[in-house]
Amino acid sequence: MDVFKVLEGRHSVRAYADQAVPPDKLKRILEAINRAPSAGNRQAYEVYLVHEAKQRKDLVRAGNDQEFLGQAPIVLVFCTHAGLDIDRYGPRGAQLYCIQDATIACTFAMLAASALGLSTVWVGAFDEEAVREIICAPRDERPVALLPIGYAAETPRLRSRRKLTDLVHEVD
Ligand SMILES: Cc1cc2nc3c(=O)[nH]c(=O)nc-3n(C[C@H](O)[C@H](O)[C@H](O)COP(=O)(O)O)c2cc1C
């Protein structure tokens, strides 16, 4: 699909059908993640794939009772892995680059899912410690984004945006 069609058509979905994500589509999403750019190509993040119903239910609780986390058949958890950056980039790597790496990877997953006819919503409101326990991630990894993926059970309207003239500042 044309990239601009994907960008223009994507929207958050907060209700999911009881329908599995086909393995070939999941594979393409994971491969898209792995094409995301990262500082120095260090890929200072980890991705956890949650599909068991029990763990998704636990994510609902850790995610401020956002029920769609339990509805979507798959939830990807993106964690920073600062240790992969710190020797080369010091505090800037540990405090900034690894967050950018992880969130760009999440963006790639979101757009790939959309191109494949799947829906997502970026979830940032959650208890990091509780999520870390659910996915059994080590302490040096920080969960920064959850991405439920599945087939939409709703068709929300596209949300409006700020005007470009308000958002973009030309520097003379
Ligand atoms: C950093 C970040 C955190 C977000 N956290 C949540 C969240 O916890 N729950 C939720 O329902 N949506 C969340 N969203 C989705 C936004 O609400 C949504 O992207 C925004 O309203 C624009 O709507 P659209 O995605 O349909 O264009 C988050 C988005 C971002 C980028």
Side-chain angles (χ1 to χ4, degrees), residues 1-19 21 25 29-30 32-33 35-39 43-51 53 55-82 85 94-135 137 141-168:
M1 202 195 280
D2 180 83
V3 69
F4 288 99
K5 279 213 171 92
V6 175
L7 295 173
E8 285 154 16
R10 186 214 59 84
H11 54 77
S12 296
V13 161
R14 298 178 178 85
Y16 292 90
D18 184 13
Q19 188 182 347
V21 172
K25 292 196 176 192
I29 293 167
L30 299 178
I33 290 171
R35 292 307 310 160
S38 61
Q43 297 184 275
Y45 62 93
E46 308 293 334
V47 184
Y48 291 81
L49 177 56
V50 181
H51 48 80
Q55 288 162 337
R56 286 185 287 119
K57 209 167 146 203
D58 290 344
L59 285 180
V60 173
R61 231 177 320 122
N64 299 351
D65 294 322
Q66 300 190 77
E67 294 290 340
F68 53 78
L69 286 166
Q71 278 179 4
I74 285 172
V75 181
L76 297 181
V77 182
F78 292 82
C79 296
T80 60
H81 189 167
D85 262 345
Q95 290 157 22
L96 178 64
Y97 294 167
C98 61
I99 297 176
Q100 292 179 329
D101 289 359
T103 50
I104 293 165
C106 185
T107 305
F108 270 46
M110 175 180 251
L111 295 176
S114 199
L116 293 166
L118 292 156
S119 292
T120 63
V121 56
W122 188 300
V123 174
F126 57 85
D127 177 333
E128 289 182 16
E129 203 48 52
V131 169
R132 198 208 318 270
E133 272 176 32
I134 293 163
I135 61 174
E141 293 177 18
R142 178 183 177 199
V144 288
L146 311 182
L147 192 72
I149 304 175
Y151 287 97
E154 64 170 11
T155 317
R157 278 188 299 119
L158 286 186
R159 303 205 56 190
S160 64
R161 295 292 195 258
R162 289 163 62 190
K163 286 192 167 56
L164 277 182
T165 47
D166 176 42
L167 188 73
V168 178

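Numbers for residues simply follow the sequence, beginning at 1. Ligands are counted one by one from 1 in listed order, and the atoms in each one are counted from 1 as well.
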Review point. Any side-chain heavy-atom pair from Phe126 and Asn64 closer than 4.5 angstrom?
Key: no

Exercise for review: Pull out every atom of ligand 1 sitting under 4.0 Å from any heavy atom of Arg161, numbered as shown with elements.
Suggested key: 22 (C), 27 (O)

Check your understanding: Counting heavy atoms only, which part of Asn64 comes closer than 4.0 Å to ligand 1: side chain, backbone, both or neither?
Key -> neither

Exercise for review: Note the single closest protein heavy atom to atom 19 (O) of ligand 1, along with its residue, its atom name and the distance in Å.
Suggested key: Ser12 OG, 3.4 Å

Review point. Do Val121 and ligand 1 have an N or O pair less than 3.5 Å apart?
Key: no

Review point. Nearest protein heavy atom to atom 12 (N) of ligand 1, by residue and atom, and its distance?
Key: Arg14 NH2, 3.1 Å

Check your understanding: Nearest to atom 13 (C) of ligand 1, what protein heavy atom do you find, and at what distance?
Key -> Trp122 O, 2.8 Å

Check your understanding: So, do Val121 and Tyr16 sit near enough that their side-chain heavy atoms are less than 4.5 Å apart?
Key -> yes

Practice item. Determine whether any heavy atom of Phe68 lies closer than 4.0 Å to an atom of ligand 1. Key: yes

Check your understanding: Within a radius of less than 6.0 Å around CG of Asp18, do more than 12 heavy atoms belonging to other residues, nucleotides or ligands occur?
Key -> no

**Study point:** Enumerated ligand 1 atoms positioned under 4.0 Å from heavy atoms of Ala125
**Key:** 8 (O)

Practice item. State, yes or no, whether a side-chain contact exists between Asp85 and Asp101 at a heavy-atom distance under 4.5 Å. Key: yes

Review point. Can you check whether His11 reaches Arg159 side chain to side chain, under 4.5 Å on heavy atoms?
Key: no

Review point. Counting from 1, what ligand 1 atoms have a heavy atom of Gly124 closer than 4.0 Å?
Key: 3 (C), 4 (C), 5 (N), 6 (C), 7 (C), 8 (O)

Check your understanding: Stepwise, does the side-chain contact (heavy atoms from CB on, under 4.5 Å) test hold for Ile33 with Leu76?
Key -> CA-CA 11 Å; Ile33 290 171; Leu76 297 181; 3.9 Å; yes

Exercise for review: Using a strict 4.0 Å cut-off to heavy atoms of His11, name the atoms of ligand 1 that fall inside it.
Suggested key: 26 (O)

Review point. So is Arg159 polar-close to ligand 1, meaning N/O to N/O under 3.5 Å?
Key: yes

Review point. When rounded to the nearest 0.5 angstrom, what is the spacing between CG in Leu7 and CG in Asp2?
Key: 8.5 Å

Point to revise | N or O contact, Val123 vs ligand 1, cut-off under 3.5 Å | key: no

Exercise for review: Could you check atom 7 (C) of ligand 1 against the protein and tell me its nearest heavy-atom contact, residue, atom and distance included?
Suggested key: Gln66 OE1, 3.6 Å

Review point. From Leu111 CG over to Thr120 OG1, what is the distance, rounded to the nearest 0.5 angstrom?
Key: 8.0 Å

Check your understanding: Yes or no on side-chain contact (heavy atoms from CB on, under 4.5 Å) for Leu118 and Ile29, after CA distance, side-chain angles and deciding distance?
Key -> CA-CA 10 Å; Leu118 292 156; Ile29 293 167; 3.9 Å; yes

